[in-house]
K.L.:
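Handing you this structure, nothing more for now.
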Amino acid sequence: MSNISMTPDETFMHRALELAREAGARGEVPVGAVLVRDGTILTGASNEVEARQDATAHAEMLALNEAQSLLKTWRLTDTTLYVTKEPCPMCAGALSHVRVGRIVFGVSDPKAGACGGAFNLFELPGLNHRCEITAGVEAAESLSLLQDFFRERRAE
């Protein structure tokens, strides 16, 4: 598919997929994320849990941390996070706290996803921030990366 016919969501998700592939090549669970504002990528990251030996080093968290440093504010309103796998409860909580406006993800996580897979954190009645969620963008490629990664790990 040429870039001309891709939607902005597909274009940004392709960058997140590149980051996910890089993570997988390093032995990390292949998840990539990019944070976008006004059609421009502010930050991009991939999982670094193993490299850092830090359970919080998910792609989403790293992208948020870098953006907060770059923008010199913890409020990331008017941004969109593109991530290859549905955010977990930790990441969804952080996304709510920093007030990301929109989350776009590839593959759903029915076991631990917090944006509609297992539950939707953003529908909790007491939560003061709501977020638009778009699921399934480049889902097949996102799923394939994860399945291939875990298939190879089981074979080792």
K.L.:
Name all residues meeting the ring-ring contact (aromatic ring centres under 6.0 Å, His included) criterion together with His97; count only those two or more places apart in sequence or in a different chain, and write none if there are none.
P.N.:
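If we apply the ring-ring contact (aromatic ring centres under 6.0 Å, His included) test to His97, skipping adjacent residues, the hits are Trp74.
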
K.L.:
Could you state whether Val100 and Leu62 fall into the same hydrophobic cluster, counting links through intermediate Ile, Leu, Val, Met, Phe, Trp or Tyr residues with side-chain heavy atoms under 4.5 angstrom apart?
P.N.:
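As far as the 4.5 Å side-chain criterion goes, Leu62 and Val100 are not connected within one cluster.
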
K.L.:
Whether Arg151 and Glu156 form a salt bridge (side-chain N of Lys/Arg under 4.0 Å from carboxylate O of Asp/Glu) is what I want to check.
P.N.:
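A salt bridge is absent here (no side-chain N lies under 4.0 Å from a carboxylate O).
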
K.L.:
For Ala63 versus Ala45, what's the shortest heavy-atom pair and its separation?
P.N.:
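Shortest heavy-atom contact: N-CB, 3.7 Å.
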
K.L.:
Do you see a donor-acceptor pair shorter than 3.5 Å between the side chains of Thr40 and Asp38?
P.N.:
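Short answer, no.
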
K.L.:
For Phe105 and Pro87, work out which heavy atoms get closest and say how close.
P.N.:
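Heavy atoms only, the tightest pair is CD2-CD, 4.2 Å.
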
K.L.:
Using modelled atom types and a 3.5 Å cut-off, is there a donor and acceptor pairing between side-chain atoms of Glu60 and backbone atoms of Val83?
P.N.:
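No; zero donor-acceptor contacts below 3.5 Å.
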
K.L.:
Apply side chain to side chain contact (heavy atoms under 4.5 Å, CB included) to residues Thr56 and Met90 and explain how you reach the verdict.
P.N.:
CA-CA 8 Å; Thr56 67; Met90 173 185 68; 3.8 Å; yes

K.L.:
Assigning hydrophobic clusters by single linkage (Ile, Leu, Val, Met, Phe, Trp, Tyr; side-chain heavy-atom cutoff under 4.5 Å), is Leu64 placed with Phe12?
P.N.:
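They do not share one cluster, since no chain of ILVMFWY contacts under 4.5 Å joins Leu64 to Phe12.
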
K.L.:
Could you check whether any side-chain N or O of Glu28 sits under 3.5 Å from a backbone N or O of Val49, counting only pairs where one atom can act as donor and the other as acceptor?
P.N.:
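Indeed, once roles are kept as given, a pair shorter than 3.5 Å links the two residues.
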
K.L.:
Mark yes or no for whether Ser144, through its side chain, and Ala140, through its backbone, hold a donor-acceptor pair below 3.5 Å.
P.N.:
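Checking the backbone N and O of Ala140 against the side chain of Ser144, no donor-acceptor pair under 3.5 Å is found.
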
K.L.:
Are Val104 and Met13 close enough that some pair of their side-chain heavy atoms sits under 4.5 Å apart?
P.N.:
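Heavy-atom side-chain distance check passes, below 4.5 Å.
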
K.L.:
CD of Glu123 to CZ of Arg130: how many Å apart, nearest 0.5 Å?
P.N.:
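So the gap between those two atoms works out to 8.0 Å.
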
K.L.:
Between Leu127 and Ser96, is the side chain to side chain contact (heavy atoms under 4.5 Å, CB included) condition met? List the steps.
P.N.:
CA-CA 8 Å; Leu127 197 63; Ser96 171; 3.6 Å; yes

K.L.:
Quick one: which residue pairs count as a ring-ring contact (aromatic ring centres under 6.0 Å, His included) with a foot in residues 121-153, not counting sequence neighbours?
P.N.:
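The answer is none; no pair qualifies.
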
K.L.:
Would Ile103 end up clustered with Val137 when hydrophobic side chains under 4.5 Å apart are linked, directly or stepwise?
P.N.:
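Different clusters: Ile103 never reaches Val137 through Ile, Leu, Val, Met, Phe, Trp or Tyr contacts under 4.5 Å.
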
K.L.:
Evaluate the side chain to side chain contact (heavy atoms under 4.5 Å, CB included) criterion for residues Glu48 and Asp54: first the C-alpha distance (whole Å), next the side-chain angles of each, then the deciding distance (0.1 Å), finally the verdict.
P.N.:
CA-CA 8 Å; Glu48 294 186 19; Asp54 178 356; over 6 Å; no

K.L.:
So which atom in Cys115 and which in Ala92 form the shortest heavy-atom distance, rounded to 0.1 Å?
P.N.:
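Shortest heavy-atom contact: SG-CB, 4.3 Å.
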
K.L.:
Could you tell me whether the side chain of Leu95 reaches within less than 4.5 Å of the side chain of Leu81, counting heavy atoms only?
P.N.:
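Yes, close enough: below the 4.5 Å cut-off.
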
K.L.:
For Ser46, what residues pass the side chain to side chain donor-acceptor pair (under 3.5 Å) criterion, not counting sequence neighbours?
P.N.:
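For Ser46 the side chain to side chain donor-acceptor pair (under 3.5 Å) partners, ignoring immediate neighbours, are Arg26.
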
K.L.:
Would you indicate whether the side-chain heavy atoms of Leu146 and Val107 approach each other to under 4.5 Å?
P.N.:
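Side-chain contact under 4.5 Å: yes.
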
K.L.:
If every non-hydrogen atom of Gly27 is compared with every non-hydrogen atom of Glu50, which pair is closest and at what distance?
P.N.:
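For Gly27 and Glu50, the tightest heavy-atom pair comes out as O-CG, 4.2 Å.
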
K.L.:
Only counting residues at least two apart or in another chain, list the ones meeting side chain to side chain contact (heavy atoms under 4.5 Å, CB included) with Asp109.
P.N.:
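Side chain to side chain contact (heavy atoms under 4.5 Å, CB included) list for Asp109, sorted by chain: Lys85, Glu86, Lys111, Ala112.
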
K.L.:
Does any N or O in the side chain of Asn47 come within less than 3.5 Å of the main-chain N or O of Val29, such that one atom is a donor and the other an acceptor?
P.N.:
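Judged by distance alone, yes, a pair lies under 3.5 Å.
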
K.L.:
Got a second to check how far Glu138's CD is from Glu10's CD, nearest 0.5 Å?
P.N.:
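So the gap between those two atoms works out to 5.0 Å.
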
K.L.:
Once you round to the nearest 0.5 Å, how far does CG of Asn120 lie from CD1 of Ile133?
P.N.:
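It is 4.0 Å, given to the nearest 0.5 Å.
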
K.L.:
Using the test side chain to side chain contact (heavy atoms under 4.5 Å, CB included), find all partners of Glu66 that sit at least two apart in sequence or belong to another chain.
P.N.:
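If we apply the side chain to side chain contact (heavy atoms under 4.5 Å, CB included) test to Glu66, skipping adjacent residues, the hits are Thr43.
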
K.L.:
Does any part of the side chain of Phe119, heavy atoms only, come nearer than 4.5 Å to the side chain of Pro89, both counted from C-beta?
P.N.:
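They are in side-chain contact.
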
K.L.:
With sequence neighbours excluded, give me every side-chain hydrogen bond (donor to acceptor under 3.5 Å, both in side chains) pair touching residues 75-84.
P.N.:
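Matches after skipping sequence neighbours: Asp9-Tyr82.
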
K.L.:
So Glu18 and Arg21, salt bridge (Lys or Arg N to Asp or Glu O under 4.0 Å) or not? Walk me through it.
P.N.:
CA-CA 5 Å; Glu18 289 173 7; Arg21 283 189 285 278; 5.1 Å; no

K.L.:
With the side chain counted from C-beta on, respond yes when Leu42 and Leu71 share a heavy-atom pair under 4.5 Å apart, and no when they do not.
P.N.:
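A side-chain contact exists here, since the closest heavy-atom pair is under 4.5 Å.
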
K.L.:
Any link between Leu76 and Leu121 through a network of hydrophobic side chains (Ile, Leu, Val, Met, Phe, Trp, Tyr) touching at under 4.5 Å?
P.N.:
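Same hydrophobic cluster.
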
K.L.:
Are Leu19 and Val31 close enough that some pair of their side-chain heavy atoms sits under 4.5 Å apart?
P.N.:
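Leu19 vs Val31: side chains apart.
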
